[in-house]
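Everything on this sheet refers to the single structure shown next.
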Amino acid sequence: GGFKPYPISYRSIVPRRGECANLLVPVCLSSSHIAYGSARMAPVFMILGHSAATAVDLALKGNLAVQEVPYAQLRERLLA
């Protein structure tokens, strides 16, 4: 039973370029209060942390800001 998994956008854990550089915030994601209530479970926080760490690795290896990490590359690594 249960519900199907739902996507959480990478943009929800990355501040806009002009607001802050090279910061990922996996547990204070940008969402409505209703969506945050659904997302604040341990498995969701774990995958958000994993996604943030993978994005940081790609940013460091590519000498990029976290806002510049190619989503296609991030997605490929996460699915692997």
Side-chain angles (χ1 to χ4, degrees):
F3 298 100
K4 292 172 54 176
Y6 53 88
I8 297 176
S9 173
Y10 178 62
R11 293 179 301 174
S12 68
I13 66 170
V14 181
R16 291 187 192 120
R17 219 179 285 262
E19 293 176 352
C20 189
N22 290 325
L23 174 70
L24 293 172
V25 188
V27 294
C28 294
L29 58 135
S30 174
S31 68
S32 70
H33 69 285
I34 294 170
Y36 188 75
S38 172
R40 62 181 206 115
M41 297 183 296
V44 178
F45 283 157
M46 288 189 300
I47 195 63
L48 286 171
H50 178 80
S51 300
T54 303
V56 167
D57 181 57
L58 291 171
L60 288 172
K61 287 181 178 172
N63 198 28
L64 304 167
V66 294
Q67 290 88 350
E68 298 169 348
V69 170
Y71 178 73
Q73 194 176 4
L74 176 60
R75 185 177 190 277
E76 181 181 324
R77 286 269 303 273
L78 291 172
L79 290 174

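The structure presented is a predicted model; accordingly, all values stated were derived computationally and were not measured.
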Please answer: with hydrophobic residues joined when any side-chain heavy atoms are less than 4.5 Å apart, are [X] and [Y] in the same cluster?
X     : Y     : answer
Ile47 : Ile13 : no
Val69 : Leu23 : no
Val66 : Tyr71 : yes

Would you give me the side-chain donor-acceptor pairs under 3.5 Å for residues 14-21, sequence neighbours excluded?
| residue | atom | partner | partner atom | Å |
| --- | --- | --- | --- | --- |
| Arg16 | NH1 | Glu19 | OE2 | 3.2 |
| Arg17 | NH1 | Glu68 | OE2 | 3.3 |

Please name the pair of heavy atoms, one in [X] and one in [Y], separated by the smallest distance, quoted to 0.1 Å.
X     : Y     : value
Ile8  : Ala39 : CD1-CB, 4.4 Å
Ser51 : Leu78 : OG-CD1, 3.7 Å
Gly49 : Pro26 : N-CB, 4.0 Å
Leu64 : Pro70 : CD1-CD, 4.0 Å
Tyr6  : Val44 : OH-CG2, 4.5 Å
Ala65 : Asn22 : CA-OD1, 3.0 Å

### Task
Assess whether atom OH of Tyr36 is packed by more than 12 heavy atoms of other residues, nucleotides or ligands within 6.0 Å.
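Correct, the count exceeds 12.
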### Query
Do other residues, nucleotides or ligands put more than 12 heavy atoms under 6.0 Å from Arg75 CZ?
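For Arg75, atom CZ is not crowded (no more than 12 foreign heavy atoms under 6.0 Å).
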